[in-house]
Amino acid sequence: MVLQLVDWISVIAFFIVSLLIGVIVAKKAGSNSAEFFASGRSMPWWLLGVSMVATTFSADTPNLVTDMVRQHGVAGNWMWWAFLLTGMVTVFIYAKLWRRSGVLTDIEFYELRYSGKPAAFLRGFRALYLGLFFNIMIMATVMLAAIKIGGVMLNISPFKTVFITSIIVVTYSMLGGLRGVLLTDFLQFIIAMTGSILAAIVVVNLPQVGGLHNLLSNPNIKHNLSILPDFSNTSLVVTVFIIPLAVQWWSVWYPGAEPGGGGYIAQRMLAAKNEKHAVGATLFFNLAHYALRPWPWIFVALASMVVFPDLASLQSAFPNISSGIVKNDLAYPAMLTYLPAGLLGLVVASLIAAVMSTISTHLNWGASYIVNDFYKRFVRKDSSEKEQVLVGRLSIVALMILAALIALLLSNALQAFHILLQIGAGTGLLFLLRWFWWRINAASEIAAMVVSFIVAVYFEIIHPKLGLPPIAPWERLVLGVAITTIGWITVAVISKPTEESTLLRFYRKINPGGPGWKRVLETAREKGENVEEYLSQKWDVPAEILCVFLGLVMIYSMLFATGFWLYNNISGGIITTILSVLSAGILIKLWGRLKIF
């Protein structure tokens with residue numbers, strides 16, 4: 001494929017504008033660490049929400065969706081749609097708590113919530129564990145998508161793709177800090193969504209596909225259209241529906257869908273003007289991420305099943321691409337090769353935007369851990385603000401190099417998705433409960449982290465080498481969750497609790513409420529502390545859970561309604577649209593009664 005002049009104009013213009021944004025805000029971003037990593041805690045909900053959406057819209061996301069649809073049908077998306085439960089819990093229960101904490105990073109939370117050397121160790125180790133290991137793995141999957149797009153659409157080698165992408169994204173990430181990331185995310189999201197929608201329209205109307213009606217009636221895909229899985233297929237239902245909805249959403253730590261919020265989602269909540277803006281940002285993110293964005297990708301994936309019905313047809317169409325990376329996720333960039341000049345440049349720019357928005361966020365987020373929670377906390381406690389910004393910029397370069405190297409070793413997006421789910425299996429419940437149960441301590445967090453990693457290493461590396469019967473991914477996930485959860489709960493109960501002074505200080509600052517803190521408050525009262533106002537307060541969580549339920553109904557109904565209207569299912573579209581509107585109206589009334597400042 002050869003880009004025409006009009007295509008290159010779109011790509012180059014995007015690069016220039018992105019770099020200009022970085023240059024314009026560079027001076028302000030570099031003034032201190034709070035500006036570089038939290039934009040001075042002054043950002044509005046709409047900019048933060050769009051940034052969350054842009055970050056989770058990476059070039060590997062449509063590839064991942066395509067992989068799921070080609071293997072399991074449209075219903076295969078429940079493997080990630082289930083994370084909406086996590087998202088809505090974050091919106092109405094945890095977003096205001098994060099903003100109230102006042103920390104610079106969610107890792108700093110550990111020494112706010114726990115005490116002593118275990119808390120300090122957890123903060124330092126977790127900063128490197130997430131900021132380096134987990135962060136690099138996520139960026140590597142994004143770079144893998146860039147490699148496949150570069151190979152299919154531009155016919156360039158993996159090394160050239162990685163090198164060019166890395167240079168561009170590192171340059172503007174180092175300049176603008178989080179403020180620059182947020183502003184470029186806004187531009188990148190508009191370009192990325194426009195590109196994906198136009199690409200879907202063109203692809204569906206290709207002669208090989210024959211338009212929407214012919215696509216939906218094509219015998220190759222007709223059995224893959226259902227939004228819900230075929231409940232007579234027990235294996236499929238368990239894999240893509242029951243386990244994600246019953247276990248995965250609350251038990252697994254996954255970047256962008258952390259139980260209770262965390263990572264770059266928490267970073268944006270912490271950068272909000274106040275609690276209301278933090279809540280508004282996360283609500284907009286979940287609505288756009290789950291209800292508005294998936295369908296263009298899904299229809300390109302369905303069309304690919306007509307044009308490239310199997311992996312052999314993909315390999316035949318692109319013989320210059322290594323067979324090791326010819327997987328189902330390659331079908332998305334393969335379909336984009338049919339786009340005409342002009343639109344092709346816009347779509348290439350949109351995919352570059354998707355890569356850059358995610359990588360830049362992860363670079364800034366990972367660097368914030370390295371600087372705030374490791375370097376400043378343990379290496380140079382008296383480091384100046386300028387020194388911290390410098391270390392942050394150097395960390396961005398190092399993170400990019402490591403991610404690029406790992407990307408060259410991966411083969412497909414779904415592979416990385418399962419690995420990350422397994423590593424985080426069993427830790428999610430702890431992240432949900434640590435705000436509301438005083439007995440959770442640093443030792444239990446360390447236990448959860450260690451046990452989940454050991455279990456993941458066993459299932460992903462040791463078990464296959466032992467020649468034992470294979471274990472399905474969902475079975476590994478459930479076993480990992482069970483083992484890890486039992487492990488950390490046991491440690492929480494038998495180990496030394498967090499110091500009472502730390503617990504009380506945390507409660508006064510956050511005011512989480514609930515029966516899980518009653519013992520701490522009663523003990524403090526017996527010692528003469530004035531805690532009567534907390535003991536007499538009404539707990540908001542029951543009302544917040546009702547808001548969570550209404551939010552789920554609203555967004556899932558919007559998701560279904562879009563699908564039904566596109567499928568020309570008029571009755572289904574009307575019913576789900578009405579349900580979405582009604583739940584939204586009730587939610588707005590209840591939301592006004594919550595204590596959000």
Side-chain angles (χ1 to χ4, degrees), residues 41 45 85-103 106 108-115 119 250 258-262 265-266 269-270 272-283 428-442 444-445 492-493 497-552 586-597:
R41 305 184 192 276
W45 66 270
L85 279 74
T86 303
M88 297 313 294
V89 167
T90 299
V91 170
F92 292 108
I93 298 178
Y94 295 98
K96 66 177 184 180
L97 302 181
W98 276 115
R99 184 61 184 85
R100 200 174 291 170
S101 71
V103 295
D106 59 320
E108 188 179 341
F109 168 88
Y110 291 122
E111 289 195 292
L112 176 67
R113 172 64 176 80
Y114 309 127
S115 59
W250 59 264
E258 301 89 343
I265 299 298
M269 291 187 284
L270 292 167
K273 289 182 178 180
N274 52 41
E275 295 172 19
K276 288 183 178 180
H277 282 268
V279 174
T282 49
L283 179 60
L429 185 61
L430 183 149
F431 298 136
L432 292 171
L433 294 181
R434 64 187 181 181
W435 297 85
F436 298 104
W437 184 27
W438 71 275
R439 199 62 182 81
I440 292 177
N441 56 14
S444 57
E445 288 233 19
V493 172
T498 301
E499 294 176 2
E500 290 182 4
S501 59
T502 300
L503 292 172
L504 186 59
R505 184 171 62 250
F506 174 82
Y507 193 94
R508 289 185 185 278
K509 187 176 184 64
I510 305 299
N511 193 15
W517 288 95
K518 187 176 181 180
R519 179 174 173 179
V520 172
L521 295 177
E522 290 179 343
T523 300
R525 181 173 58 181
E526 292 171 359
K527 294 183 177 180
E529 296 281 353
N530 182 15
V531 294
E532 295 301 327
E533 60 174 310
Y534 300 118
L535 287 168
S536 61
Q537 279 181 352
K538 182 181 179 181
W539 195 29
D540 278 347
V541 168
E544 292 166 352
I545 291 174
L546 179 57
C547 288
V548 169
F549 173 76
L550 290 168
L552 290 171
I586 299 171
L587 177 60
I588 291 172
K589 289 186 177 181
L590 285 177
W591 191 358
R593 301 177 185 176
L594 299 180
K595 296 177 182 177
I596 304 174
F597 304 102

>> Closer than 3.5 angstrom, by distance alone: can the side chain of Y114 be matched with the main-chain N or O of I440 as a donor-acceptor pair?
In response: no
> If only atom types and distance count, is the side chain of S115 paired as donor or acceptor with the main-chain N or O of E499 below 3.5 Å?
Replying inline: yes
> So, for A278 and M269, which heavy atoms are closest and what is the spacing to 0.1 Å?
Replying inline: CB-O, 3.9 Å
>> My understanding is that only one of R519, K518, E500 makes a side chain to side chain contact (heavy atoms under 4.5 Å, CB included) with W438; could you say which?
In response: R519
> Who passes side-chain hydrogen bond (donor to acceptor under 3.5 Å, both in side chains) against R434, sequence neighbours left out?
Replying inline: E445
> Got a sec, which residues hit ring-ring contact (aromatic ring centres under 6.0 Å, His included) with W517, two or more places apart in sequence or on another chain?
Replying inline: F506, Y507
> Who are the side-chain contact (heavy atoms from CB on, under 4.5 Å) partners of S101, not counting sequence neighbours?
Replying inline: W98, V103, L112, L270, I510
>> Is it the case that the side chain of R113 and the backbone of T498 share a donor-acceptor pair, with hydrogens and angles ignored and the cut-off at 3.5 Å?
In response: no
> Do T282 and Y94 come within less than 4.5 Å of each other through their side chains, counting heavy atoms only?
Replying inline: no
> How long is the gap from CZ on R505 to CG on L503, to the nearest 0.5 Å?
Replying inline: 9.0 Å
> Which heavy-atom pair separates F436 from G513 by the least distance, and what is that distance?
Replying inline: CD2-O, 3.7 Å
>> If the test is side chain to side chain donor-acceptor pair (under 3.5 Å), which one of Q537, R100, K96 qualifies with N511?
In response: Q537
>> Ignoring hydrogens, what is the shortest heavy-atom contact between A492 and S444? Give both atom names and the distance.
In response: CB-CB, 3.7 Å
> Looking at V531 and L521, what are the two nearest heavy atoms and their distance?
Replying inline: CG2-O, 3.4 Å
>> When you compare the side chain of L590 with that of F92, does any pair of heavy atoms fall below 4.5 Å?
In response: no
>> To the closest 0.5 Å, what do you measure between SG (C547) and CD1 (I588)?
In response: 11.0 Å
> Which heavy-atom pair separates V89 from V548 by the least distance, and what is that distance?
Replying inline: CA-CG2, 3.9 Å
>> Suppose we screen for side-chain contact (heavy atoms from CB on, under 4.5 Å). Which residues come up paired with N274, at least two apart in sequence or across chains?
In response: K276, H277
> With sequence neighbours left out, which residue pairs that include part of residues 528-538 fulfil the salt bridge (Lys or Arg N to Asp or Glu O under 4.0 Å) condition?
Replying inline: R508-E529, R525-E532
>> Would I93 and W435 count as a side chain to side chain contact (heavy atoms under 4.5 Å, CB included) here? Give the steps.
In response: CA-CA 10 Å; I93 298 178; W435 297 85; over 6 Å; no
> Between L429, T86, L85, which is the residue that forms a side chain to side chain contact (heavy atoms under 4.5 Å, CB included) with W250?
Replying inline: L429
>> E108: which residues meet the side-chain hydrogen bond (donor to acceptor under 3.5 Å, both in side chains) condition with it, sequence neighbours left out?
In response: N372
>> Are D106 and F431 packed together at the side-chain level, in the sense that at least one heavy-atom pair is separated by less than 4.5 angstrom?
In response: no
> Which atom pair, heavy atoms only, marks the closest approach of A119 to A442?
Replying inline: N-CB, 3.8 Å
